[in-house]
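Atoms within a ligand are numbered from 1 in the order they appear, just like the ligands themselves. Fair warning: this is a prediction, and the values are worked out from it, not measured in the lab.
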Amino acid sequence: MPELPEVEFARRSLQRWLKGRKIVRSEAPDTRIFRGAERAAFASLRGRLVRTERRGKYLLLTFEQDRGLLSHLGMTGKWVRRTTADEPYSRARWFLDDGSILHYRDPRLFGRLEPFPASRLRELPVIRALGIDPLVEGLDATSLEAAIGHSRQPLKVALMDQSRVAGLGNIHAAEALFRAKLHPALLPEELSARDYRVLAKAILDGLHFALAEEVGEEISYVEEGGDNPFLIYGRGDRPCRRCNALVGSFVQGGRTTYFCPHCQARPLRSGAKKARSTRGKSGTTKRRGRG
Ligand SMILES: [Zn+2]
């Protein structure tokens with residue numbers, strides 16, 4: 001499922017493909033990706049792309065004459081550039097003045113394309129409801145604690161709450177917690193200032209790592225059978241890349257959480273303060289392997 005890096009990759013791709021180009025024709029069959037928005041408004045999209053923005057997993061595209069488009073990739077959505085109009089699962093497409101065609105393909109139709117006046121995009125309720133975006137706004141211990149510190153949810157679930165931190169999903173929440181050596185079921189109130197500092201950096205590192213992996217015209221999600229580039233996600237019952245312990249998993253908020261029972265051992269809960277210092281010490285005695 002696309003998370004922040006895939007959406008950011010889509011934003012950069014669209015910006016690159018549309019730079020100096022014009023959309024001369026737009027078309028889209030009638031599918032549910034328009035979510036009640038006006039398909040006719042999409043079909044009337046013409047001209048140049050003025051600006052691309054991303055907030056969490058949403059793309060906000062601004063075209064000439066205050067035309068705008070909100071795009072969400074859902075589970076299987078992807079923007080691709082082709083030279084033909086034939087593209088499997090193409091749900092919407094733009095014909096450009098250089099003969100290329102940009103398709104929004106989405107086999108499972110969980111994505112969204114909603115035309116709005118560009119000046120309204122940032123004010124849409126779904127955008128206003130989003131929490132801090134780690135790449136757009138930056139992230140540090142203070143802003144991360146402000147975002148999730150009051151959550152009563154387990155740490156990983158809190159990180160995936162789009163109204164707290166926008167853009168993290170099952171993959172990148174797990175990656176960040178592994179990098180930070182924090183157990184996914186810890187409560188935010190159990191975290192120390194140091195934990196927040198380490199976790200904020202881990203979130204950014206994981207996102208930048210994923211963005212660096214995404215080069216070329218396309219990306220492949222783990223679900224599509226590509227190599228698994230991740231440190232912990234999807235590695236259940238395989239050796240931890242850091243300590244060789246078997247990677248464990250359990251279900252949290254309806255999603256499978258992967259973690260290393262050794263690197264991310266949960267401290268005994270004899271008071272949060274005490275637990276913190278215990279974890280801090282044990283963290284320095286780990287065997288270090290690759291990664
Ligand atoms: Zn480990």
Listing, residues 125-133 side-chain donor-acceptor contacts under 3.5 Å, not counting sequence neighbours, or none:
residue, atom, partner, partner atom, Å
Arg128, NH1, Glu123, OE1, 2.5
Asp133, OD1, Arg54, NH2, 3.1
Asp133, OD1, Leu135, N, 3.0
Asp133, OD1, Val136, N, 2.9
Asp133, OD2, Arg54, NH1, 2.6
Asp133, OD2, Gly56, N, 2.7

- Message: For distances below 2.8 Å, what is the count of protein N, O or S atoms around the Zn ion (ligand 1)?
- Response: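 Counting protein N, O and S atoms closer than 2.8 Å to the Zn ion (ligand 1) gives 4.
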- Task: First locate atom OG of Ser143, then atom CD of Glu137, and finally report the distance between them rounded to the nearest 0.5 Å.
- Result: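 Reported value, rounded in 0.5 Å steps: 8.5 Å.
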- Query: Is there side-chain contact between Trp94 and Phe42, with heavy atoms separated by less than 4.5 Å?
  - Reply: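 Touching, per the 4.5 Å side-chain cut-off.
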- Message: If we count only N and O atoms by modelled type, under 3.5 Å, do the side chains of Arg11 and Thr52 hold a donor and an acceptor together?
- Response: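 There is such a pair (donor and acceptor under 3.5 Å, judged by atom type) between the side chains of Arg11 and Thr52.
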Donor-acceptor pairs under 3.5 angstrom involving side-chain atoms of residues 146-158: please list them, not counting sequence neighbours.
residue, atom, partner, partner atom, Å
Ser151, OG, Gln153, N, 3.0
Lys156, NZ, Asn170, OD1, 2.5
Lys156, NZ, Thr257, OG1, 2.7

- Other ILVMFWY residues reachable from Met160 by side-chain steps of under 4.5 Å: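 Met160 clusters with nothing; isolated.
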